[in-house]
Colleague: 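First the structure, then my questions, so here it is.
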Amino acid sequence: MMMTEYFPISPLGEEPSAIEAFGSLFCRMAVAHSVSIYVMTTHLRKWWLRKNPLDNRAKINVINALNPMFCGIGANVSAYLDIVSAATGSPDLIRTTFLPLGTALGSNGVGLVRDGRAWCPACHTDDIKSIGAVYDRLLWAIPFIGRCPTHKVTLEVQCPVCSALQPRYHHLGSMHLCCRCKQSLQAPPSSWRHDPNPHLHEKECVQLVSELSSGQLVVAKDAWQIFIREFSTYMDAVGRKVSKYAYDAPRRPQIQREPMPPRFPTLIRRCTAFGINPVHLLTDPAGAAKSACMFEFARLDIPADRKPLRPPELLKELRCRILGELKKKAGQPVSSKAAIAREFGVSVGFLNYKLPDEMAKLGSHRRTLNQKVTSANHQRAVAHLLAGPILEYPSAKFPSHDHLVTAVVNECGLGVYRARRAVAAALTRVLSDRAYKKYRKANNLHKPRIQTREGLNNSPDVGDNSASRQG
């Protein structure tokens, strides 16, 4: 056995999918040396800087890392993996991380590892019986994993005593204790939640972790870009076959839409959509592209999976319906594009693409009718004001413009904005423009709240309110 300055710590987990996470191994290392995680980190940093004074990576203290599992593809994980491997004499610790996926993923592994701890209470119970301690699996760090595939039990994320999430480990590395209340995280079997049905993407994640735990997974650099580039070579043939049965529209090359590596959740979802194994795509992207194209051709041979073209009769019905809307006159409601699209089960984009001229005429017709209705309401409000309220202005009943606006709102049913414009037009017609501005300036001294007819019935007289404000 190679002599090391620290105890040789090896990852736990006999089954491939039960390999230990690197953060869990780091905690066991702190417990073995009877120090806290912070002290263990400080010792390792100083030890590494003495042996490698030019390596600046060890200046970062992982105790401040956001994720306790500490098994992603970031620079901190890579640095401390080298440090712990050299300190313990364990060269195979890369099996406890997702570092081999770093060449194929983007955004520094965002979405690859969950934000806090998650554990299976049944697995922890078995660990205590077999080895006398608990450890966290690498599989539990993936956000897609919501249950234990072995025991069919939902993973726990909260302390059973204080119900607190576990964003970090216990400061002494005791993985069976809550980081907040320091009580045991082991819940009684009566509270375990049975989950017999597999979750979405669970099978793909288990296969991926199993390959990582073997240490033989060789991920191709820019695997997703290679897959898309190879897949795009078949897109012309596939597109011609799709256009016979589906919506015929110009297609951009796939290679132009994938300039950057995808995030882990995006990669898993797209592999599921293509019907291929993520391990196959990461190790042999060219072969995975051929398999995906074969699945695409097989799918197109099934009529039930094809998206049919819209029948020509539908366009005729739509055109007749739009022409009927164009014949409506002022006062008659004209249906909008969205209403017509919902009625015929199509989208507004489909209408604009197939019937651009009719859609433009419909929009112009609706605007014209709305303007006519607005003009008619304006003239009606001005006529109402000239017939009575203007003749009594100013008076105790109508001491300000706002009282005239209130009268128009209640009698003509207009909004406040349209009512104000009608009052301005009526006053300008009766008085000179200069006199109107003079009255308007004097009106700024008191502005009573505009009330509708219902508000006037439940409040004191408007004139009394204005008089009290002036007083």
Colleague: Would you call Tyr169 and Phe26 a side-chain contact if the rule is heavy atoms closer than 4.5 Å?
Modeller: no
Colleague: Run the side-chain contact (heavy atoms from CB on, under 4.5 Å) test on Arg147 and Lys152 for me, step by step, so that the C-alpha distance in whole Å, both residues' side-chain angles and the decisive distance to 0.1 Å come before the verdict.
Modeller: CA-CA 6 Å; Arg147 66 160 196 165; Lys152 309 299 187 294; 3.0 Å; yes
Colleague: Using every non-hydrogen atom in the two residues, find where Thr96 and Pro11 come nearest and quote the distance to one decimal.
Modeller: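 Here Thr96 and Pro11 meet closest at CG2-CB, 3.5 Å.
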Colleague: Quick check: do Val218 and Thr283 have side-chain heavy atoms less than 4.5 Å from each other?
Modeller: no
Colleague: Does a side-chain heavy-atom distance below 4.5 Å link Ile142 with Val209?
Modeller: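 Answer yes - side chains close enough.
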Colleague: Can you tell me how far CG of Leu282 sits from CG of Leu105, rounded to the nearest 0.5 angstrom?
Modeller: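 The CG atom of Leu105 sits 7.5 Å away from the CG atom of Leu282.
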Colleague: Are the side chain of Arg28 and the backbone of Ser10 linked by a donor-acceptor contact shorter than 3.5 Å?
Modeller: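 Indeed, once roles are kept as given, a pair shorter than 3.5 Å links the two residues.
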Colleague: May I ask you to test the Glu230-Pro285 pair for a side-chain heavy-atom distance under 4.5 Å?
Modeller: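 Not in contact.
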Colleague: Working to the nearest 0.5 angstrom, can you tell me the gap between His124 NE2 and Asp136 CG?
Modeller: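 Reported value, rounded in 0.5 Å steps: 5.0 Å.
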Colleague: Find out whether Gln225 and Pro261 are in side-chain contact, i.e. whether some heavy atom of one side chain is under 4.5 Å from a heavy atom of the other.
Modeller: yes
Colleague: What closest approach, in Å, do Ile37 and Cys27 show between heavy atoms, and which atom pair accounts for it?
Modeller: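 Answer, listing the atom of Ile37 first, then Cys27: CD1-SG, 3.8 Å.
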Colleague: In sequence, state the C-alpha distance, the side-chain angles, and the governing distance for Phe98 and Val77, and then conclude on side-chain contact (heavy atoms from CB on, under 4.5 Å).
Modeller: CA-CA 9 Å; Phe98 295 105; Val77 178; over 6 Å; no
Colleague: Quick test of your reading of the model: are Arg321 and Glu317 salt-bridged, counting only N-O distances below 4.0 Å?
Modeller: no
Colleague: If you compare all heavy atoms of Leu165 against all heavy atoms of Gln158, which two are closest, and at what distance to 0.1 Å?
Modeller: CD2-CG, 3.5 Å
Colleague: Mind running side-chain contact (heavy atoms from CB on, under 4.5 Å) on His151 and Asp126 for me, showing each step along the way?
Modeller: CA-CA 11 Å; His151 298 97; Asp126 295 343; 2.8 Å; yes
Colleague: Starting at CG of Leu369, measure out to OG of Ser364 and round the result to the nearest 0.5 Å.
Modeller: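 Here the rounded value is 9.5 Å.
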Colleague: Okay, side chain of Asn52, backbone of Asp55: is any donor-acceptor separation there less than 3.5 Å?
Modeller: no
Colleague: Got a donor-acceptor contact below 3.5 angstrom from the Ser90 side chain to the Ile9 backbone?
Modeller: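 A pair under 3.5 Å: yes.
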Colleague: For Arg263, is there any backbone N or O sitting under 3.5 Å from a side-chain donor or acceptor partner on Trp224?
Modeller: no
Colleague: For the residue pair Cys120 and Val153, what are the closest heavy atoms and their distance?
Modeller: SG-CB, 4.4 Å
Colleague: For Ser213 and Ser210, indicate whether the former's side chain and the latter's backbone hold a donor-acceptor pair under 3.5 Å.
Modeller: yes
Colleague: Mind listing the closest non-hydrogen atom pair of Gln186 and Pro121 along with its distance?
Modeller: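 Between these two residues, the closest heavy atoms are NE2-O, 2.9 Å.
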Colleague: Could you check whether atom NZ of Lys182 has more than 12 heavy atoms from other residues, nucleotides or ligands sitting under 6.0 Å from it?
Modeller: yes
Colleague: When you check the gap from the basic side-chain N to the acidic O, do Glu325 and Arg366 get nearer than 4.0 Å?
Modeller: no
Colleague: Could you grab the distance from atom CG of Leu177 to atom CD of Gln166, nearest 0.5 Å is fine?
Modeller: 9.5 Å
Colleague: Under the side-chain contact (heavy atoms from CB on, under 4.5 Å) criterion, do Lys337 and Asn352 qualify, and how do the steps go?
Modeller: CA-CA 9 Å; Lys337 298 179 183 180; Asn352 292 331; 3.8 Å; yes
Colleague: Are Phe274 and Phe227 near enough that their ring centres are under 6.0 Å apart?
Modeller: yes
Colleague: Do the side chain of Glu204 and the main chain of Asn277 share a donor and acceptor less than 3.5 angstrom apart?
Modeller: no
Colleague: If we check side-chain contact (heavy atoms from CB on, under 4.5 Å) with Leu139, which of these qualifies: Leu212, Val206, Leu208?
Modeller: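 Only one of Leu212, Val206, Leu208 forms a side-chain contact (heavy atoms from CB on, under 4.5 Å) with Leu139, namely Val206.
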Colleague: So Cys123 and Cys148, do their side chains get closer than 4.5 Å, heavy atoms only?
Modeller: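 Sidechains of Cys123 and Cys148: in contact.
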Colleague: Is any side-chain heavy atom of Cys162 closer than 4.5 Å to a side-chain heavy atom of Cys178?
Modeller: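 Touching, per the 4.5 Å side-chain cut-off.
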Colleague: Mind running ring pair (Phe, Tyr, Trp, His ring centres under 6.0 Å) on Phe7 and His33 for me, showing each step along the way?
Modeller: CA-CA 8 Å; Phe7 294 144; His33 292 81; 4.6 Å; yes
Colleague: Supply the atom-to-atom distance Phe264 CZ to Arg269 CZ, rounded to the nearest 0.5 angstrom.
Modeller: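 Answer rounded to 0.5 Å: 10.0 Å.
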Colleague: To check you understand the geometry: which heavy-atom pair defines the closest contact between Val161 and Cys181, and what is its length?
Modeller: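 The answer is CB-SG, 4.3 Å.
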Colleague: Centre-to-centre under 6.0 Å for His199 and Phe144, is that the case here?
Modeller: no
Colleague: Say whether, by atom type as modelled, one donor and one acceptor occur between the side chain of His171 and the main chain of Cys179 under 3.5 angstrom.
Modeller: no
Colleague: For the residue pair Arg137 and Tyr135, would you count it as a cation-pi contact if the rule is NZ or CZ under 6.0 angstrom from the ring centre and within 45 degrees of the ring axis?
Modeller: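 Yes, a cation-pi geometry.
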Colleague: Any side-chain heavy-atom pair from Leu355 and Leu362 closer than 4.5 angstrom?
Modeller: no
Colleague: Rounded to the nearest 0.5 Å, what separates atom CD1 in Ile268 from atom NE2 in His201?
Modeller: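 So the gap between those two atoms works out to 7.5 Å.
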